[in-house]
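So the structure is just underneath, and the comments pick up after that.
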Amino acid sequence: MTADPVTASSAAPGAEYADTASAAYQAALQVIESVEPRIAAATRKELADQRDSLKLIASENYASPAVLLTMGTWLSDKYAEGTIGHRFYAGCQNVDVVESVAAEHARELFGAPYAYAQPHSGIDANLVAFWAILATRVEAPGLAELGAKHVNDLSEADWESLRNKLGNQRLLGMSLDAGGHLTHGFRPNISGKMFHQRSYGTDPETGLLDYDKLAAAAREFKPLILVGGYSAYPRRVNFAKLREIADEVGATLMVDMAHFAGLVAGKVFTGDENPVPFAHVTTTTTHKSLRGPRGGLVLAQPEYSDAVDKGCPMVLGGPLSHVMAAKAVALAEARQPSFQAYAQRVADNAKSLAEGFLNRGARLVTGGTDNHIVLLDVTSFGLTGRQAESALLDAGVVTNRNSIPADPNGAWYTSGIRFGTPALTTRGFGAAEFDRVAELVVDVLNNTQPTQASSGPSKAKYTLADGTAERIHAASAEMLAANPLYPGLTL
Ligand code: DSN
């Protein structure tokens with residue numbers, strides 16, 4: 001097995017600097033402790049908690065010590081609003097190098113003509129993309145058009161009038177309960193206010209994306225922007241088809257690949273499953289399956305690059321130069337052959353987890369997975385997602401509750417639990433361990449009972465049968481000990 005920068009194997013890239021990294025962290029924590037001991041303690045405790053739990057949140061991972069160390073420098077102290085070679089502050093020559101290297105790695109890794117490394121998060125990346133598309137596609141009115149009101153005071157009618165002034169500002173994205181993201185037009189999010197939004201769902205029987213229905217919706221709605229991508233859909237998407245649909249209706253195709261960027265980088269998603277050649281604008285985060293620092297990236301075709309390049313100060317505050325540096329380091333890691341092996345294991349492990357659930361009688365949305373996500377419908381256990389999430393946490397299994405299509409329990413309590421394999425795959429878990437994880441999860445859920453509150457059934461309350469948490473903790477501890485996290489770090 002090819003090992004990873006954060007695991008124990010001596011073959012791991014990063015193993016050669018494990019002792020140095022350990023010394024660096026010990027020294028750093030001593031310094032922090034001398035100023036604010038509570039922060040040093042919380043940082044140490046976070047490592048202990050992450051070491052001792054089964055981290056199955058699909059959007060989380062473990063960055064390498066090289067990536068983490070890169071974030072702790074004086075690059076943080078520099079203001080550098082603007083873009084490479086064209087800043088609003090003097091003395092940005094080193095930040096220019098940092099941003100150029102990050103963008104170069106992103107272009108090379110993803111085969112993109114243009115890359116923008118400044119977004120602080122995925123939401124920021126999407127806002128930059130939205131604005132760049134609008135700026136490129138429509139004539140935006142000046143701020144004076146908003147009148148004297150503060151933007152927070154705009155009523156629905158004001159937003160309507162603003163959108164009308166802007167011309168076609170229709171956005172079609174995947175609905176939240178089908179697995180889309182808040183920023184893909186969800187009404188309470190700014191994307192649902194900036195745009196006339198409509199969403200596409202999945203087939204009610206199969207849970208799969210129905211491209212014919214999506215094409216019909218696009219023909220009827222004629223969006224300016226068709227958004228592809230998801231945060232809870234456990235299947236691959238054919239982006240060539242999405243581009244065909246976008247072209248037919250004159251839409252710009254924007255793909256948010258935040259969740260699966262690591263599978264694109266690792267060449268697991270190739271051909272029609274790789275969004276980058278098909279999308280006009282592609283956005284991502286860098287900390288999920290891509291395993292970098294917390295942040296965002298925008299990739300664009302040449303016709304959108306000038307507008308994307310104006311992301312700061314149009315949409316973004318000053319760049320986080322220390323994080324851009326860490327993005328460069330993570331992207332350099334992702335260009336190594338070992339990252340491709342890692343990405344393949346992420347997908348293989350998700351299949352093993354899904355099969356482990358199915359073999360034990362559980363129901364999965366879409367009946368399985370072919371990416372890094374497994375979405376378990378917990379209604380057959382008589383539980384809400386909220387109850388299942390809490391019971392699993394009691395047993396040291398860290399997940400998040402998630403809506404399922406047409407969720408009877410809504411977006412807060414939900415009826416699903418989303419699992420992801422990127423983090424534990426980084427630790428070294430393989431197919432056998434993920435099958436065991438499925439067994440432990442089913443054990444917990446079979447031993448969790450919803451509790452009736454005095455005022456009626458509560459969708460949050462539950463009881464876990466005596467001894468369950470202890471049994472699961474003990475079983476997990478064996479697997480976790482065999483696959484240690486940051487083993488060179490003695491903190
Ligand atoms: N919060 C991320 C996730 O968990 O999928 C998406 O932004």
Side-chain angles (χ1 to χ4, degrees), residues 114 116 119 122-143 145-146 151 154 156-176 178 180-201 209 211 213-230 237 239-258 275-284 298-311 314-315:
Y114 167 83
Y116 185 61
I123 287 189
D124 286 1
N126 284 350
L127 283 175
V128 168
F130 288 146
W131 190 259
I133 295 167
L134 287 171
T136 305
R137 295 279 313 258
V138 301
E139 267 199 13
L143 271 181
E145 293 282 333
L146 293 171
V151 73
L154 291 176
E156 279 298 319
D158 291 330
W159 279 105
E160 178 82 12
S161 136
L162 176 60
R163 289 190 295 253
N164 287 337
K165 282 179 187 142
L166 285 165
N168 174 5
Q169 205 166 327
R170 292 185 290 273
L171 177 140
L172 182 62
M174 190 182 239
S175 67
L176 199 63
H181 190 252
L182 292 171
T183 55
H184 299 178
F186 188 52
R187 287 301 287 172
N189 181 263
I190 187 165
S191 59
K193 303 211 181 285
M194 281 172 73
F195 294 97
H196 287 290
Q197 65 80 35
R198 198 174 284 182
S199 30
Y200 55 89
L209 199 49
Y211 294 95
K213 275 200 187 140
L214 170 50
R219 276 182 211 119
E220 190 203 327
F221 188 51
K222 295 194 174 44
L224 180 78
I225 306 178
L226 173 61
V227 182
Y230 51 79
V237 171
F239 293 106
K241 281 192 187 166
L242 258 57
R243 177 61 188 261
E244 264 174 45
I245 294 168
D247 283 348
E248 186 191 326
V249 301
T252 294
L253 177 61
M254 170 181 155
V255 175
D256 176 349
M257 64 169 183
V276 179
F278 297 105
H280 298 94
V281 182
T282 306
T283 60
T284 186
V298 181
L299 310 173
Q301 299 300 331
E303 65 268 36
Y304 290 92
S305 61
D306 281 353
V308 171
D309 220 33
K310 295 190 173 62
M314 176 59 81
V315 174

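In this chain, numbering begins with 1 at the start of the sequence shown. Only a predicted model underlies this, so the values are computations on that prediction, with no experimental measurement involved.
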Candidates D309, L299, T136 - the one meeting side-chain contact (heavy atoms from CB on, under 4.5 Å) with Y304: T136
Heavy-atom side-chain proximity of T282 to T284 below 4.5 angstrom: no
Shortest non-hydrogen separation from G185 to S191 and the atoms involved: N-OG, 3.0 Å
Positive for side-chain contact (heavy atoms from CB on, under 4.5 Å) with L226, one of T252, V249, L253: L253
Which atom of F239 lies closest to which atom of G229, heavy atoms considered: CE2-N, 4.4 Å
Heavy-atom pair with the smallest gap, counting every atom of L242 and G228: CD2-CA, 3.8 Å
Under 3.5 Å: donor-acceptor pair, side chain of Q301, backbone of Y114: no
Intermediate values then yes/no, side chain to side chain contact (heavy atoms under 4.5 Å, CB included), Q169 and L134: CA-CA 8 Å; Q169 205 166 327; L134 287 171; 3.6 Å; yes
Exercise: identify the closest heavy-atom pair between G201 and S175: CA-OG, 4.1 Å
Residue pair R198, R170: steps toward the side chain to side chain contact (heavy atoms under 4.5 Å, CB included) verdict: CA-CA 8 Å; R198 198 174 284 182; R170 292 185 290 273; over 6 Å; no
Inter-residue atom distance R219.CZ - L214.CG, 0.5 Å rounding: 9.5 Å
Atom pair NZ/CZ of K193 and F186 - distance to nearest 0.5 Å: 10.5 Å
Any F195 side-chain heavy atom under 4.5 Å of L172 side chain: no
Where A129 and T283 come nearest, the two heavy atoms and their spacing: CB-CG2, 3.6 Å
Flag for D256-H181: side-chain donor and acceptor within less than 3.5 Å: no
Within-4.5 Å side-chain heavy-atom neighbours: V315 and D124: no
Shortest non-hydrogen separation from P223 to A251 and the atoms involved: O-CB, 3.2 Å
Candidate pair H184 and N126, rule side chain to side chain contact (heavy atoms under 4.5 Å, CB included), full reasoning: CA-CA 9 Å; H184 299 178; N126 284 350; 4.1 Å; yes
Worked verdict on K310 versus D306 for salt bridge (charged side-chain N to carboxylate O under 4.0 Å, His left out): CA-CA 7 Å; K310 295 190 173 62; D306 281 353; 5.6 Å; no
Side chain to side chain contact (heavy atoms under 4.5 Å, CB included) between V255 and V237, worked out: CA-CA 11 Å; V255 175; V237 171; over 6 Å; no
Residue pair F130 / L171, side-chain heavy-atom distance below 4.5 Å: yes
